[in-house]
Amino acid sequence: MNEEDIQQFQNVIKIYVLSDEQLNEEDADIFREFAMDLVDGKDFCALILDFHVNGE
């Protein structure tokens with residue numbers, strides 16, 4: 001989703017998850033479920049969820 005796509009939404013929720021190691025799919029799903037509860041599902045709402053690993 002680029003900046004132009006974001007402009008069509010009234011509500012954009014960005015969540016960045018930073019962890020020490022790559023999350024397994026089950027743990028990532030927990031974050032996705034939490035994030036989806038924040039977005040009410042209407043067409044004018046968007047969710048951006050990024051997972052990052054803290055490199056040493």
Side-chain angles (χ1 to χ4, degrees):
M1 182 178 295
N2 61 33
E3 192 66 34
E4 210 171 275
D5 294 333
I6 292 174
Q7 295 303 320
Q8 69 184 354
F9 296 100
Q10 294 175 4
N11 299 313
V12 177
I13 297 174
K14 297 179 184 180
I15 299 175
Y16 298 97
V17 179
L18 178 64
S19 62
D20 292 337
E21 57 189 37
Q22 186 71 32
L23 295 177
N24 62 38
E25 196 60 33
E26 185 177 316
D27 291 338
D29 284 342
I30 291 170
F31 282 104
R32 284 187 193 98
E33 283 183 41
F34 169 77
M36 290 306 295
D37 287 341
L38 298 175
V39 178
D40 63 6
K42 295 193 170 78
D43 291 338
F44 56 84
C45 296
L47 171 67
I48 299 172
L49 183 60
D50 284 333
F51 296 96
H52 299 278
V53 176
N54 186 19
E56 293 184 24

Taking the side chain as C-beta and beyond, is there a heavy-atom pair between Phe51 and Tyr16 under 4.5 Å? no
So how far is it from Asp50 CG to Leu18 CG, rounded to the nearest 0.5 Å? 11.5 Å
Residues in salt bridge (charged side-chain N to carboxylate O under 4.0 Å, His left out) with Asp29, at least two apart? Arg32
Looking only at heavy atoms, the pair that brings Gln22 and Val53 closest together is OE1-CG2, 3.4 Å
When rounded to the nearest 0.5 angstrom, what is the spacing between CD1 in Ile30 and CD in Glu25? 11.0 Å
Heavy-atom distance under 4.5 Å between the side chains of Leu49 and Val17, does that happen here? yes
Membership question, hydrophobic clusters at under 4.5 Å side-chain separation (ILVMFWY): are Met36 and Leu23 in the same one? yes
